[in-house]
Amino acid sequence: MAMMRYAEALNAALREEMERDPTVFVFGEDIATYGGVFKVTAGLAEAFGDRVRDTPISEQALTAMAVTAAMTGTKPVLEIMYADFMPLTLDALINQASIYNYIWDGQVTMPFVLRTQGGGGVGTGAQHAKSLDSLVAHIPGIKVVAPVTPADAKGLLLAAIRDPHPVVVLEHKLLYNTRGEVPDDQGPIEIGRARTVREGSDVSIFATSRMVLEAEKAADALAGDGISAEVIDLRTLRPLDLGAIAASVAKTNHAVVVNEDWGFCGYAAELSATIMDHAFDDLDAPVERVAALDMPIPYSQPLEEVVIPNADRIAAAARRALA
Amino acid sequence: MAMMRYAEALNAALREEMERDPTVFVFGEDIATYGGVFKVTAGLAEAFGDRVRDTPISEQALTAMAVTAAMTGTKPVLEIMYADFMPLTLDALINQASIYNYIWDGQVTMPFVLRTQGGGGVGTGAQHAKSLDSLVAHIPGIKVVAPVTPADAKGLLLAAIRDPHPVVVLEHKLLYNTRGEVPDDQGPIEIGRARTVREGSDVSIFATSRMVLEAEKAADALAGDGISAEVIDLRTLRPLDLGAIAASVAKTNHAVVVNEDWGFCGYAAELSATIMDHAFDDLDAPVERVAALDMPIPYSQPLEEVVIPNADRIAAAARRALA
Amino acid sequence: IEERLGEMHKAGQTRGPIHRCDGQEAVGVGATAALEQRDYVTTTHRGHAVYIGKGLDPRRVVAEIFGRKTGYGGGRAGHMLVADASQGMIGGNAIVGGSIPAATGMALSIQILREDRVAMAVFGDGAAQTGICHESMNMAGLWKLPVIFLLEHNEYGLTVHHTAQSAVPDLHVRAAGYGMPGVQVDGNDAVAVFQAVAGARARALRGEGPTLIEARTYRVEGFSTSDMGGYQRQEDIDRWKARDPLLVSRAGLAEEADAARIAAVEKDAEDTVVAAFEAALSDPLPEFVPHAPSAPYSNAGGGR
Amino acid sequence: IEERLGEMHKAGQTRGPIHRCDGQEAVGVGATAALEQRDYVTTTHRGHAVYIGKGLDPRRVVAEIFGRKTGYGGGRAGHMLVADASQGMIGGNAIVGGSIPAATGMALSIQILREDRVAMAVFGDGAAQTGICHESMNMAGLWKLPVIFLLEHNEYGLTVHHTAQSAVPDLHVRAAGYGMPGVQVDGNDAVAVFQAVAGARARALRGEGPTLIEARTYRVEGFSTSDMGGYQRQEDIDRWKARDPLLVSRAGLAEEADAARIAAVEKDAEDTVVAAFEAALSDPLPEFVPHAPSAPYSNAGGGR
Ligand SMILES: Cc1ncc(C[n+]2csc(CCOP(=O)(O)OP(=O)(O)O)c2C)c(N)n1
Ligand SMILES: Cc1ncc(C[n+]2csc(CCOP(=O)(O)OP(=O)(O)O)c2C)c(N)n1
Ligand SMILES: [Mg+2]
Ligand SMILES: [Mg+2]
């Protein structure tokens with residue numbers, strides 16, 4: 001058991017897989033010499049030579065190349081520096097990666113991983129603070145995970161690299177320096193399983209990525225008012241852990257869903273609709289959606305604070321659900 | 001009052017606006033000399049010269065150019081041949097068009113229109129049959145309309161061109177040859193207003209684009225079983241006509257939502273969640289989502305038929321809601 | 001080479017509907033003849049000549065085109081997206097420009113694994129204007145990837161003439177911007193294409209990196225069977241039809257084989273094609289099978 | 001020109017934090033000095049010199065950088081995205097490559113409206129590798145749009161040296177692939193940049209189309225204030241610092257103005273900057289105001 005930073009846990013997963021499997025390679029902007037702008041790939045270039053590559057600023061082709069490299073014997077792990085640039089990768093994901101396993105009748109698999117990080121809170125502005133989870137989670141054939149703890153970061157990245165199909169790993173700029181226990185023998189964590197962060201009986205809060213931490217703060221605040229909130233970290237955005245979701249709502253009869261992306265036609269809408277699909281009769285109140293306000297992410301702190309979801313908004317939503 | 005094909009109605013709207021306003025110009029692939037692969041722009045090049053341009057195959061730059069051309073005195077109308085290519089336009093829509101009006105504090109507006117067409121049903125395969133409505137509807141600052149009738153096609157396109165903000169017009173390859181009455185003086189139709197296609201008392205079917213026609217067929221079938229279905233054509237995907245949605249559900253207490261894009265984290269999820277948000281107490285059953293199956297659109301007819309939503313699936317969903 | 005020529009000529013006889021490559025067969029056929037089975041090829045919506053040249057079974061190609069269960073994708077892919085991984089043909093791509101990064105990514109894989117093969121991207125003059133073409137060629141030149149960029153310049157992108165979509169008439173000149181050699185060949189002369197690709201392949205295997213080959217040809221048929229025409233000049237069509245690759249290769253063969261031999265090869269090709277169509281058309285259509293739990297797709301339609 | 005030089009030199013003294021352009025001021029300042037107020041300019045995350053050169057108020061630029069209500073975006077945009085439509089500066093763009101189609105689209109607008117002005121895109125050597133750069137330049141060359149492509153080549157894209165991200169060392173050679181002239185100038189010599197841009201502007205106004213200007217310079221500071229460094233060679237930094245544009249222009253000025261005059265201009269510039277920072281830092285932060293119904297945004301957070 002070792003205390004590790006989230007970024008270190010990701011680094012450890014990459015290192016282990018690259019040692020174990022010579023077909024794994026890592027590429028992306030500024031990831032080799034510099035070790036990545038968030039230092040997730042630090043030291044890998046020294047250890048693995050040309051299996052760790054700095055690339056030109058060409059997200060569109062890089063993603064398309066990861067798709068076909070993965071069809072032809074390698075396991076690429078591509079880093080896209082900011083989730084804000086994911087639109088540049090979507091043609092490769094939607095028109096290429098999504099379709100081949102099906103339309104070619106199983107002739108090919110595509111074991112590649114696309115790592116990126118999103119989210120706001122540090123004044124990076126409208127082009128560097130978005131969480132575009134919803135765009136990626138919409139695509140058939142592509143799994144999406146969003147680890148919150150260092151242990152999950154390592155376990156889910158290991159699982160993603162070993163998966164025969166494309167997996168997008170959504171990280172968060174404010175999680176890289178968070179620390180947590182990581183078992184020395186931390187292996188792959190099954191994709192598609194949620195994690196109960198804390199049990200509760202009055203309301204279920206389903207959150208993703210950094211919003212799980214805000215949900216925990218909200219649960220503390222609610223506890224102060226005698227409200228027992230269950231906090232569930234979905235961990236995998238696609239495919240969803242329907243069992244865990246239904247079981248929790250069956251217990252609490254009230255639900256709040258939290259995702260840092262925009263709410264309209266967003267991931268929070270999917271969660272809300274899914275809960276209705278699978279637990280309608282258990283619901284005593286409509287599912288509350290908490291998401292970024294429907295506008296660009298502002299630069300100046302007092303404005304950004306209002307737009308990005310936080311513990312206060314989550315607690316308020318829980319109270320509305322219970323009202 | 002004239003009988004017109006959907007494509008002709010769109011053509012009439014473009015022609016009228018170009019005559020009325022010299023700052024309107026039209027560009028896209030194969031739209032000038034050939035008049036567009038669906039002939040929507042037929043004859044415009046002859047009438048308006050260099051204000052109608054064939055372009056290279058460069059969706060990414062074309063969209064970004066429409067954004068800034070619109071900031072600097074013109075009103076571009078860009079045609080993207082297939083909705084399947086929308087991923088190539090998303091960086092310009094999400095990282096550019098979406099943000100400027102806000103971050104520059106109203107210094108600029110962007111009166112441009114992006115027309116595209118999606119949908120399956122004619123064996124065009126996984127890269128030419130998708131409806132990616134959900135990707136576009138997720139973006140703050142960009143309106144999205146999807147006309148079904150020729151009159152709405154003309155009225156909504158006129159409104160889109162005159163709107164000071166970006167508007168995406170989602171057309172459908174199977175609608176271009178449908179005919180309908182178009183008033184000779186058909187003017188702009190307000191963006192954000194749904195249309196009640198037929199009144200009903202037992203279940204509300206909210207549909208978009210061609211799915212409205214399938215919903216009508218489903219309503220006929222249901223009528224045969226004595227079920228009275230209300231069919232509502234949303235017409236505008238963003239912003240939603242919340243009043244019309246809530247009013248209908250208040251009357252029928254049952255809802256089915258239909259969208260041809262994939263359901264997971266898709267537009268159908270937004271509709272489902274929205275109905276719960278605004279009409280939970282009126283709902284006697286969970287909202288039923290009808291959407292494309294969670295997989296690529298197959299080429300061969302017997303397979304494609306199963307994946308694209310149709311009247312049978314809509315009717316079955318209505319029956320489940322009422323069961 | 002007589003053998004090769006016969007092969008190409010034979011393959012050249014094949015016809016596919018939808019996005020016909022009549023009059024352009026020499027490019028796909030000549031180019032693939034210069035490759036080995038282990039080499040990878042990616043192509044476009046207009047890939048028929050390439051499919052046949054890369055050794056695919058005409059019957060299964062036609063079956064896919066007609067959406068049959070026996071097609072290479074079991075009818076799931078369709079005419080624009082045929083693939084046979086066992087032949088390194090992966091595959092057709094109907095997103096214009098898509099075949100370019102596809103082959104580049106395979107070449108990256110080859111380089112990382114230090115394998116002895118190459119990847120070739122076939123694409124059009126329209127595709128050359130896409131951003132992804134630029135990004136791919138820059139990386140290929142930068143990393144000296146074992147990839148061949150075969151630009152099939154047929155003067156049109158759908159209905160738009162190249163002078164209305166490219167700032168320059170000759171596209172091989174762009175190779176200089178990526179530090180790779182750029183050559184132009186007569187796309188209707190299968191032997192010329194064969195030689196250019198063979199040279200580029202040898203160079204790639206030596207680790208010297210990519211080559212851009214611009215094969216000039218002309219689309220004598222409409223863009224596709226849905227094309228209503230009206231934008232091509234008849235004299236151009238006539239001029240190019242007179243230089244049909246089949247006539248060109250027949251002439252080439254005449255110097256080396258006697259008329260009887262040529263007739264035999266042509267007859268043989270015709271028979272193969274007729275048989276392929278007959279067989280394919282009588283094949284069954286596929287039935288929908290739900291996805292297995294291990295598949296990355298689900299059987300849900302949203303909701304329950 | 002003495003005047004101009006003084007102007008540039010003065011502007012050159014400005015400093016902005018975050019993505020500093022120390023040692024590269026000559027490009028932004030020299031280039032904008034060759035434009036008129038009615039001309040449009042788009043730039044990158046490293047646009048400070050351009051902002052000042054295009055006549056923006058240093059105080060409001062600094063205010064935006066510090067997220068103040070008085071900034072050009074009222075604190076909504078931030079340091080990478082400053083814009084002042086009244087000066088044709090629209091605007092900074094932090095999506096690498098984004099400034100290129102932005103100016104190209106404005107040039108299209110200018111051409112459609114038959115206006116007498118030009119658009120200029122400032123971008124880096126990293127941005128030159130993006131696909132959108134290729135698409136934009138092809139269209140600009142094809143349609144002879146009145147646009148100037150000013151490539152600020154500072155040898156790095158964030159931390160990656162140009163030899164690790166570009167297949168070719170000199171990027172102006174790519175202009176040939178787009179049918180436009182490509183020139184290379186000393187990016188640390190404001191006068192050389194000024195003259196190249198002035199020439200390109202005249203050409204664009206004559207309807208002869210775009211020009212690609214590659215201004216060679218070097219990023220003597222880290223990529224940004226968050227940069228941990230360690231990837232640049234000290235000798236390079238020293239060599240380039242010795243050629244700091246301010247020293248170069250001071251030398252140039254020496255021939256035309258006396259030392260006292262230069263000192264005065266420099267003092268004046270220093271004062272302006274100091275004043276701008278003082279004023280901006282004492283300005284208030286913005287408060288959140290809900291969107292008006294007419295705005296394209298809503299005040300919902302998803303759900304109710
Ligand atoms: C990204 C994208 N944009 C547009 C289209 C529509 N389209 C299909 S083929 C084609 C023309 C392609 O021209 P070229 O690359 O020269 O190939 P050719 O058809 O001439 O063989 C176009 C515009 C597409 N399939 N993909
Ligand atoms: C599409 C995109 N990819 C990556 C980034 C991250 N990024 C910001 S600046 C930069 C380097 C840009 O290099 P260059 O164009 O040479 O500009 P310079 O910083 O040298 O002035 C990168 C990779 C980005 N902002 N946008
Ligand atoms: Mg062509
Ligand atoms: Mg640079």
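Protein chains get the first letters and strands the later ones, always in sequence-line order, with residue 1 at the start of each.
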Should the heavy atoms of other residues, nucleotides or ligands under 6.0 Å from CD of B/Gln301 be counted, would the total exceed 12?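 No, CD of B/Gln301 has 12 or fewer neighbouring heavy atoms, counting only those of other groups under 6.0 Å.
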Select, from C/Leu158, C/Asn93, C/Asn299, the one with the greatest count of heavy-atom pairs under 4.5 Å involving chain B.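 Option with the top pair count is C/Leu158.
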What residue in C/Pro286, C/Ala128, C/Gly131, C/Ala167 has the most heavy-atom pairs under 4.5 Å with chain B?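 Option with the top pair count is C/Pro286.
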Just jot down the side-chain hydrogen bond (donor to acceptor under 3.5 Å, both in side chains) partners of C/Asp283, sequence neighbours excluded, or say none. C/Arg59, C/Thr70
I'd like to check the ring-ring contact (aromatic ring centres under 6.0 Å, His included) partners of B/His138; sequence neighbours left out, ordered by chain and number. A/Trp262
Are B/Asn259 and B/Thr208 close enough, and set up right, to give a side chain to side chain donor-acceptor pair (under 3.5 Å), and what steps lead you there? CA-CA 6 Å; B/Asn259 176 257; B/Thr208 61; 2.9 Å; yes
[X] versus chain B, heavy atoms under 4.5 Å apart: side chain, backbone, both or neither?
X	result
C/Leu81	side chain
C/His161	neither
C/Ala77	backbone

When B/His128, B/Glu59, B/Glu305, B/Gln60 are compared by non-hydrogen pairs under 4.5 Å with chain C, the top option: B/His128
Taking B/Cys265, B/Ala61, B/Pro296 one by one, which has the highest count of heavy-atom pairs under 4.5 Å against chain C?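 The residue among B/Cys265, B/Ala61, B/Pro296 with the greatest pair count is B/Pro296.
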Pick one of side chain, backbone, both or neither for B/Val257, based on which atoms fall under 4.5 Å of a heavy atom in chain C. neither
Give, as side chain, backbone, both or neither, the part of B/Thr124 having an atom under 4.5 angstrom from any heavy atom of chain C.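 Backbone only.
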Heavy-atom closest pair, residues [X] and [Y]:
X	Y	answer
B/Ala318	B/Val203	CB-CG1, 4.3 Å
B/Arg53	B/Ala32	C-CB, 4.1 Å
B/Lys173	B/Ala129	NZ-CA, 4.3 Å
C/Thr42	C/Ile90	CG2-O, 3.4 Å

With a 4.5 Å heavy-atom cut-off (strictly below), which parts of residues 79-89 of chain B touch chain C? List them by number. B/Met81, B/Phe85
Partners meeting salt bridge (Lys or Arg N to Asp or Glu O under 4.0 Å) with C/Asp170 (sequence neighbours left out):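 Expected list: C/Arg216.
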Can any side-chain N or O of B/Gln96 pair as donor or acceptor with the backbone N or O of B/Thr63 at less than 3.5 Å?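 The answer is no, because no donor-acceptor pair under 3.5 Å joins these two groups.
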